[in-house]
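Right, one structure below, let's go through it.
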Amino acid sequence: VRRAKDLDSNPALDEIIQRIVEKYTQAIINSALTDIDAREDAYRMIKAANELRAEIKSVAISPSVNAWNRGLRGKT
C-alpha cells in the first residue's frame, strides 16, 4: 500500500501515463478511416493506461477508505 501511495504521488509516473494516452489518442486521430483495428487497439491502450492509473489510486487510498468505513460502522 505504501508503494502504491508513492506511485500515486509520483509526477514522473503521471507524466508517463499521460504521454501514453496522448500517443494513442494521436494514433486514433491520424489513423485512416478504414483502419478500424488500429483505432480499436489504440482505444484499448488508452483504456489500459487509465485503468492502471485508477488501480494505483484505488490501492493508495484503500487504507483511508477502510478507516473511514470503520468509523462509520462505529457510529451506527
Side-chain angles (χ1 to χ4, degrees):
V1 172
R2 177 163 168 71
R3 288 185 181 170
K5 286 182 182 180
D6 292 342
L7 286 174
D8 187 40
S9 63
N10 186 327
L13 179 64
D14 211 29
E15 174 74 19
I16 290 167
I17 291 174
Q18 186 59 38
R19 285 183 181 201
I20 290 169
V21 169
E22 288 173 10
K23 173 184 173 181
Y24 288 105
T25 300
Q26 285 302 311
I28 291 170
I29 292 168
N30 297 324
S31 65
L33 288 176
T34 57
D35 201 354
I36 296 168
D37 290 338
R39 285 194 301 279
E40 287 179 351
D41 288 344
Y43 172 78
R44 284 188 204 97
M45 292 300 291
I46 292 168
K47 186 171 179 172
N50 287 326
E51 285 183 20
L52 174 63
R53 182 183 294 160
E55 188 64 23
I56 290 169
K57 188 167 290 301
S58 174
V59 171
I61 66 169
S62 65
S64 300
V65 171
N66 289 337
W68 173 260
N69 288 337
R70 281 193 301 273
L72 288 178
R73 274 188 236 126
K75 294 180 180 180
T76 57

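Here the straight-line distance linking atom CD1 of I17 with atom CD1 of I46 works out to 13.0 Å at 0.5 Å rounding. Interatomic distance, CG of D35 versus CG of N30, reported as 11.5 Å (0.5 Å rounding). A distance of 11.5 Å separates NZ of K57 from CG of L7, quoted to the nearest 0.5 Å. Atoms CD1 and CD, from I28 and E40 in turn, are 10.0 Å apart once rounded to the nearest 0.5 Å.
Put simply, the side chain of R53 reaches to within 4.5 Å of the side chain of D14, judged on heavy atoms. Taking 4.5 Å as the limit, some side-chain heavy atom of I16 sits within range of a side-chain heavy atom of I20. Annotation: side chain of L52 is not in contact with side chain of E55 (no heavy-atom distance under 4.5 Å). I56 has its side chain within reach of L13: a pair of non-hydrogen atoms, C-beta onward, lies under 4.5 Å apart.
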(message) Walk me through whether D6 and R3 qualify under salt bridge (charged side-chain N to carboxylate O under 4.0 Å, His left out).
(response) CA-CA 5 Å; D6 292 342; R3 288 185 181 170; over 6 Å; no
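Taking the charged nitrogens against the carboxylate oxygens, K5 and D8 have no contact shorter than 4.0 Å, which rules out a salt bridge.
A donor-acceptor pair shorter than 3.5 Å cannot be found between the side chains of Q26 and E22.
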